[in-house]
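In what follows, chains carry the letters A, B, and so on, assigned in the order in which the sequence lines appear, proteins first and then strands, with residues in each chain numbered from 1. From a predicted model like this one, the values you see are computed outputs, not experimental measurements.
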Protein chains: 2
Amino acid sequence: MQARRPTIDDVARHSGVGRTTVSRVLNDGPNVRPEVRDRVWASVRSLNYSVNPQARSLASGSSGLIALVFASDFDAQPNSFYASALELGALRECLVQGRHLLTHHVPQHSPDWKRQVLELIRTQRCQGVVLTPPFSDDPDLVKAATAQCAVALISPSPSTRGLADGVGVDDEAGGYDVARHLLGLGHRNLAYITGLESHLSAARRLEGLRRAVKSQGLDPASVRVLGGDFTFRSGVEHTRRLLGERSPPTAIICANDDTAAGALSVAHGLHLSVPDELSITGFDDTPMSEIVWPPLTTVHQPLKDMAGAAVSAIARRLAGEEDGPRFETLPHRVIARESSGPPGAP
Amino acid sequence: MQARRPTIDDVARHSGVGRTTVSRVLNDGPNVRPEVRDRVWASVRSLNYSVNPQARSLASGSSGLIALVFASDFDAQPNSFYASALELGALRECLVQGRHLLTHHVPQHSPDWKRQVLELIRTQRCQGVVLTPPFSDDPDLVKAATAQCAVALISPSPSTRGLADGVGVDDEAGGYDVARHLLGLGHRNLAYITGLESHLSAARRLEGLRRAVKSQGLDPASVRVLGGDFTFRSGVEHTRRLLGERSPPTAIICANDDTAAGALSVAHGLHLSVPDELSITGFDDTPMSEIVWPPLTTVHQPLKDMAGAAVSAIARRLAGEEDGPRFETLPHRVIARESSGPPGAP
DNA sequence: ATGAAAGCGCTAACAG
DNA sequence: CTGTTAGCGCTTTCAT
């Protein structure tokens, strides 16, 4: 396919210096005269040289690899927007840090998923791993991963926050805020469709919701809670059930945008007007929330920034930062669009 | 973070054989007695050994890397489902082939995007690259890439099919088929919102559309064509324009699902009933087509399989297959959902 | 069928 | 400031 590629020795010869000097120039090392530095760069350009990353990894003992791990099925495309946003953010930060990203999708129902994640880290020599929910909530996995490489968690629950660096929004407050939004519009009969039980961050949103309800002088137990799994389909199923009840909720709060889209779809099928007869809210503010009709009221989460922050936390660790696990809270905010409004004629 | 990892020499020592033999076992090479083979595998397991991929790459002179390149902006999330589907398919096939995937998103409007792609291949030592549209339609880029590594194209237009292996559906036929579907329902006033001009595969869909119109005895020139760019937003803008005309189309065919979602959203905003007052179709059959309301009639494209086929084409090349570029056509089919129906009371 | 030896291209002490 | 010397862990001739 191509001729022999120039090596560092070719550059050294070409610029009349030693191999080490070239290496120093390439790595922005100290102790090189500016003049020599320029000469080396000139040779690099004229030979069209670029370092062999494999050789560099081997010699330096560090692969530069960071893994981004998702729980998902190959044959579904769950949370596509969510995953894409995180991936894009991580990719961008890796570029900045001069590292490489290895994206992995692990079937979350496979019996040995923990092992799969750890094997990935081991066999690929990853130096860091970004775990997304619900992996980021599993103390065993996080501990085991920590023993192998630097770890950063996306939206970890309190149960894992002490174990590794993490980034996320204040989920409890997020839940509180949407609920307040709805209560402020006059809703008194709310329902919540949760995410998977193992995603604790979604559970925290429910806590916030309950706090909001209580702050309004209502009974938190009056909020109906259905156990979903973040999918469009679970939004469909649970909404059908809710709307079949004797006194259906006037507002359905969903654990994410996908679920809300499913809820919306049921409302359409039943010719219910949203938001007049039913308000629906999502969570994440993925592009989906602007694609559906009516546009979704949701809680914005800066997913790209979160992933970027996770990667840079890993980079800091690898650079030698030694203090205890740090959790970085990024700002969320309620985005009120047209899927929520005052409860109307039922 | 961890203790010294076992090397191939540790395994060799442990199993009492030479280093070369271990290497042979690891790589399924010939000339090893079954008995010895078993012994080596036993040592591998007991030492929890795994090869160092960096060292292997360096020694073998091959990185095992395959790049998957998308045109997109960091700050948008265009075609998220489309990209995710391809990525998942490629990832799966890479796993099978024992290779690694490097996903890259190149801002398609950056001035030197061609160079960026080529630099990626060069600096990362990629052995293969999968180009998605519109990169797969650029003869210069494809030629330059071919000089550096194995290349596979997703949905290449005829202009690049002779230059490298490719996979795709028959776009012309796809366009023909949706158009026939609509014509069969009774529509006589069609409009087409295209993708970016540079995506030739979307242009081919238009050719098919025209053929269908002609086959119905109508004038192909009567089909209004607006230049979109595959985004939701372009669906919105063009649909607004179309519906503002004196005799608006009864059906809008969109170059992809995102655009169709935009069209749908305008229809909702105008309180037009879909499909009674306006039929809308998409292309790709991404999850989006089931998320919007009403569910979208669209043309299914087996994106995951396409990406998998692309990766395996690359693997075949790298394994030494030498015949000319081959284009693999995968089956498409019209998925009729509820966004299309007979033209009703206007 | 097996092993010894020679690198792959680079970084990292260690001398100067 | 710069060069010399060892490897990093593996694959690959080439002997045996």
Side-chain angles (χ1 to χ4, degrees), chain A residues 2-41 43-44 47-65 98-100 122-125 127 318 320, chain B residues 2-41 43-44 47-65 98 100 122-125 127 318:
Chain A
Q2 55 183 313
R4 193 184 76 80
R5 306 183 50 146
T7 74
I8 195 174
D9 288 312
D10 296 323
V11 177
R13 218 169 300 126
H14 183 99
S15 50
V17 300
R19 180 216 298 227
T20 315
T21 302
V22 176
S23 176
R24 273 197 275 267
V25 171
L26 258 25
N27 295 290
D28 271 330
N31 298 343
V32 182
R33 273 196 329 245
E35 169 205 325
V36 173
R37 197 175 285 274
D38 292 347
R39 192 144 42 91
V40 171
W41 276 120
S43 299
V44 166
L47 294 175
N48 193 26
Y49 167 82
S50 68
V51 287
N52 180 322
Q54 282 84 34
R56 170 179 280 177
S57 297
L58 181 54
S60 69
S62 95
S63 65
L65 253 38
R99 302 189 167 273
H100 304 298
R122 199 174 68 90
T123 61
Q124 298 303 314
R125 262 69 173 172
Q127 299 186 265
L318 295 177
Chain B
Q2 54 183 313
R4 196 184 74 82
R5 305 183 51 148
T7 73
I8 194 173
D9 288 314
D10 295 324
V11 177
R13 219 168 299 127
H14 183 99
S15 49
V17 300
R19 182 213 297 222
T20 317
T21 301
V22 177
S23 176
R24 274 196 275 266
V25 171
L26 256 25
N27 297 288
D28 271 329
N31 298 342
V32 182
R33 274 197 327 248
E35 169 206 326
V36 174
R37 196 175 287 275
D38 292 348
R39 192 142 43 89
V40 170
W41 276 120
S43 299
V44 166
L47 294 176
N48 193 27
Y49 167 82
S50 67
V51 287
N52 179 323
Q54 281 85 32
R56 170 178 280 178
S57 296
L58 181 56
S60 67
S62 94
S63 66
L65 252 37
H100 304 299
R122 200 174 68 89
T123 61
Q124 298 304 315
R125 263 66 175 175
Q127 300 186 263
L318 294 177

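Look at CZ on A:Arg125: it is 9 Å from P on D:dG9, rounded to the nearest Å. The distance between atom CG of B:Asp9 and atom C1' of D:dC10, rounded to the nearest whole Å, is 9 Å. Summarising the geometry, the separation between CG on A:Asn52 and P on D:dC10 is reported as 17 Å, rounded to the nearest angstrom. One can place CG of B:Leu58 at 12 Å from P of D:dC10, the figure rounded to the nearest angstrom.
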Name every donor-acceptor pair, under 3.5 Å, that has one atom in a side chain of residues 52-59 of chain A and the other anywhere in the protein, sequence neighbours excluded.
| residue | atom | partner | partner atom | Å |
| --- | --- | --- | --- | --- |
| A:Asn52 | OD1 | A:Gln54 | N | 2.8 |
| A:Asn52 | OD1 | A:Ala55 | N | 3.0 |
| A:Arg56 | NH2 | A:Asn27 | OD1 | 3.2 |
| A:Ser57 | OG | A:Pro53 | O | 2.9 |

Practice prompt. Going 5' to 3' through nucleotides 11-16 of chain D, assign each nucleotide B (protein heavy atom under 4.0 Å from a base atom), S (under 4.0 Å only from sugar-phosphate atoms) or - (no protein heavy atom that close).
Written response: BB----

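Across the helix from C:dA1-D:dT16 to C:dG16-D:dC1, the helix axis at one end is tilted relative to the axis at the other end by 30° (nearest 10 degrees, each axis from five pairs).
One finds the NE2 atom of A:His100 at 13.0 Å from the CD atom of A:Gln124 (value rounded to the nearest 0.5 Å). In this structure, the separation between CG on A:Leu47 and OG on A:Ser15 is 8.5 Å, given to the nearest 0.5 Å. For the atom pair CG of A:Asn48 and OG of A:Ser43, the computed distance is 12.5 Å after rounding to the nearest 0.5 Å.
Chain A approaches DNA chain C over the interval C:dG9 to C:dA13, counting the first and last nucleotide 5' to 3' with an atom under 4.0 Å from its heavy atoms.
The side chain to side chain contact (heavy atoms under 4.5 Å, CB included) check on A:Thr20 picks up A:Arg24, with sequence neighbours excluded. In this structure, the side chain to side chain contact (heavy atoms under 4.5 Å, CB included) partners of A:Ser50, at least two apart in sequence or on a different chain, are A:Arg5, B:Arg122, B:Thr123, B:Arg125. Contacts of A:Arg37 classified as side chain to side chain contact (heavy atoms under 4.5 Å, CB included), with partners at least two apart in sequence or in another chain: A:Val25, A:Asp28, A:Val32, A:Trp41.
Closest of all the heavy-atom pairs between B:Val11 and B:Tyr49 is CG2-CG, 3.6 Å.
Heavy-atom distances to DNA chain C give each of B:Arg39 and A:Gln54 a nearest nucleotide, and the one nearer the 5′ end belongs to B:Arg39.
In this structure, B:Ile8 and B:Val51 have side chains that are not in contact, with every pair of non-hydrogen atoms separated by 4.5 Å or more. Using a 4.5 Å heavy-atom threshold, the side chains of B:Gln127 and B:Leu65 count as separate.
Pairs engaging residues 11-21 of chain B under the salt bridge (Lys or Arg N to Asp or Glu O under 4.0 Å) rule: B:Asp9-B:Arg19, B:Asp10-B:Arg13 [sequence neighbours left out].
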